[in-house]
Amino acid sequence: YGSHQISIPSSFNTVADLLKLPVDAFTIGVGNPTQPPLYQRSQADHDNLFHFYAEDTWKIRPRFSLNYGLAWSYESNALNHDLTKSAYLAPIFGANGLGTEHHSPRNFSPMLGFAWSATKDNKTVVRGGSAIYYDTWDIFNRLIERVILSPLGTGRIPLPDTTFFSAIAGLNNFSSLPAAIQPTSFSSEPTVFSGGGLEFLLPLFISQAEKELNSGLPVKNVDLFKTGQGLIPQNFRLPYSEHASIGVQRELRSDLVLSADFVFRQYMHQLINGPDLNHYNSVGGPVIAKCAPGQALVVPLECSVGPIEAEISGGRSHYKGLLMKLDKRFSHRTTATLAYAYADSVGYNGLIDNSNWFASWGPQAGHHTLTGSLVAFLPFGIQVSGITSFQSAAPFQPFVTGVDFNGNGVFATAGESLYPGAPLPGAGFNQFGISKGKGDLVQLVNQFNQTYAGTTDPLGHAIPSITLPTNFSFPRSFNSQDLRLTKAFRLHGDRVRLSVFGECFNVFNIANLTFYNEVLNAPNFGQASQRTSNIFGTGGPRAFQFGSRFIF
């Protein structure tokens, strides 16, 4: 960086030491924090949910029953049905997408199911069913948009660091940097602007923003500040799910029942949180051109100073599972259950690409789940019970931090991505631990070093080479056994009883490790940083608990 050196303390002992570090991102909130915002407040402080249903059971034959029904759901105020978007947002939402957000008056939920006793001895039952279920969301989600679309001076508006970047760039003479490291935002390149500098300028930024906020111009907040979050498209739909199952249950003997069910669930219109529809940090430039110096606060000039992020109802996922259960009913002083599920859960896993929202499509969980429980009543009023749990490993996704392979700028947004970097190219998403193993990772890393390392991404970031640690791991399966011993005392016949119990969680003290580092270009890649919580819950470090219960 020549004369523009980034100064990093040799140790961090005080807040002042931390403030010497470069600023990566910040957001400033200005305005009245009252929620809901005061503008047309009576339209925002409530939501009425109506749900009507009718269902019936028809016993067509002595051994065949049919269940059927229909429900209707309606929400009066789930979205901002009273607000329109300003013409400034027409390049984002289209000229026909600026009206009030639509209601959903056709949320019908049909239901159909059956139960058939397939054999004359009534020991074999075939059953199935399907239905549609509509969901809601927290109406708080729409309050940020209300601020963005309200008249200037209403509510508390969040302003990203890009709003103030041009002023900071001028004060720190960023223009004198070589072209190869010329920052266009704090996330595009490291800068010498430190936390101390931000602390010094923060009161000035707030006072200037509040001055503009209270200027009295007859425009919406977004028209002046030219950036926004939480915007909801006109055709936004609340999520719903489609469920279907079919199975068979067989009584093997008087105290033993085996069941098997195939289950399908599909979740539609799931929330895609925070995609930047303006593509502000993309290599191709934003949809609404960046403001030149001095243009940011000019109304009605069509330019932008940051991302314009939306809430999109376009996510989806599905679950397919074979569920099997063996039930031993209470006899010979014992009862037990053994359940196993082989499942395939696939879907949207979060925002990783502003140009392809489904780039994160992949597995969402491991395939196998096994659970067993046992309760035994021993002499002298002693009861022994236990639970064993097993879940196969969760999927694992390696990332390369600090680069953007396709230049879409999603990792340069204001913290909306859930992930620490860009997915390793060529691996799909969430495939490791499911369809790919360590050998596949080694091969893909070698290909990465040959193809990408030493070059730059479309935004000009240097792409590092990757050196895998000698020892690294993927997440392991979850395994835990819990045990409880209870002794009951009768103090006054059956009317007063005292139970004393002792419990041991994770009897074999199996280390169920979590939070494996996913960053390939970090020294501790593939190392776990935590264990499952040990607050007297299954799977944590071995723990004992003693207690009593007095019943009268």
Side-chain angles (χ1 to χ4, degrees), residues 39-40 43-44 75 77-107 137 141-152 154 157-158 160 162-163 218-239 268-291 295-296 298-316 348 351 353-359 406-410 412-414 416:
Y39 179 68
Q40 296 182 186
Q43 300 292 321
E75 283 195 73
N77 208 26
L79 307 176
N80 292 313
H81 302 295
D82 61 315
L83 299 180
T84 59
K85 296 176 176 63
S86 67
Y88 170 79
L89 294 170
I92 302 295
F93 294 98
N96 296 324
L98 304 179
T100 58
E101 289 148 24
H102 296 162
H103 286 279
S104 298
R106 294 184 291 276
N107 290 350
W137 71 338
N141 292 331
R142 62 192 169 96
L143 297 186
I144 292 179
E145 185 193 49
R146 291 196 69 83
V147 174
I148 303 299
L149 300 182
S150 291
L152 190 65
T154 304
I157 185 168
T162 51
T163 304
V219 297
K220 298 179 186 291
N221 283 320
V222 69
D223 295 327
L224 177 68
F225 291 111
K226 298 179 172 57
T227 184
Q229 301 175 21
L231 295 170
I232 303 171
Q234 191 177 41
N235 61 351
F236 185 95
R237 290 193 61 186
L238 295 177
M268 305 296 291
H269 294 291
Q270 293 178 304
L271 183 65
I272 298 176
N273 180 30
D276 177 17
L277 303 187
N278 192 33
H279 298 273
Y280 187 80
N281 293 297
S282 69
V283 66
V287 175
I288 301 176
K290 290 185 178 181
C291 294
Q295 294 182 339
V298 178
V299 177
L301 187 65
E302 189 83 6
C303 66
S304 62
V305 299
I308 298 176
E309 297 170 359
E311 303 293 302
I312 304 296
S313 59
R316 66 180 185 271
Y348 170 77
L351 183 66
D353 189 334
N354 254 329
S355 303
N356 177 13
W357 298 335
F358 281 90
N406 57 15
N408 73 85
V410 69
T413 60
E416 292 298 338

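Hydrogens, waters and symmetry mates are skipped; everything else that's a heavy atom, side chains included, is used.
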Mind checking whether [X] and [Y] have side chains closer than 4.5 Å, heavy atoms only?
X      : Y      : value
Asn278 : Ile92  : yes
Phe236 : Leu231 : no
Leu271 : Pro239 : no
Lys290 : Val305 : no

Looking only at atom types and distance, does a side-chain atom of [X] sit under 3.5 Å from a main-chain N or O of [Y], one as donor and one as acceptor?
X      : Y      : answer
Ser104 : Arg237 : no
His279 : Val287 : no
Thr227 : Pro307 : yes
Asn356 : Phe358 : yes

Roughly how far apart are [X] [atom1] and [Y] [atom2], rounded to 0.5 Å?
X      : Y      : atom1 : atom2 : value
Ile157 : Ser150 : CD1   : OG    : 9.5 Å
Arg146 : Tyr39  : CZ    : OH    : 8.5 Å
Ile148 : Leu83  : CD1   : CG    : 11.5 Å
Ile232 : Phe93  : CD1   : CZ    : 9.5 Å
Leu149 : Glu101 : CG    : CD    : 7.5 Å
Asn107 : Leu238 : CG    : CG    : 7.5 Å

Validate the cation-pi geometry between Lys220 and Tyr88: distance from NZ or CZ to the six-membered ring centre under 6.0 Å, angle to the ring axis within 45°.
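Judged by the rule (NZ or CZ under 6.0 Å from the ring centre, within 45° of its axis), Lys220 is not positioned above Tyr88.
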State, to 0.1 Å, how close [X] and [Y] come at their nearest heavy-atom pair, and which atoms those are.
X      : Y      : result
Gly306 : Thr162 : CA-OG1, 3.2 Å
Ala310 : Leu277 : CB-CD1, 3.6 Å
Ala296 : Cys291 : CA-SG, 3.9 Å
Pro275 : Ile312 : CG-CG1, 3.6 Å
His102 : Asn235 : ND1-CA, 4.4 Å

Side chains of Asp276 and Asn281, donor plus acceptor under 3.5 Å
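Their side chains do not contain a donor-acceptor pair, so the 3.5 Å distance test is not met.
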If only side-chain N and O atoms count, and only distance matters, is there a donor-acceptor pair under 3.5 Å linking Ser86 with Asp223?
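Checked: Asp223/Ser86 side chains pair up, N/O donor to acceptor below 3.5 Å.
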Using the ring of each side chain (for Trp, its six-membered ring), is His103 parallel, tilted or perpendicular to His81, with breaks at 30° and 60°?
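Rings of His103 and His81: parallel, as their planes differ by under 30°.
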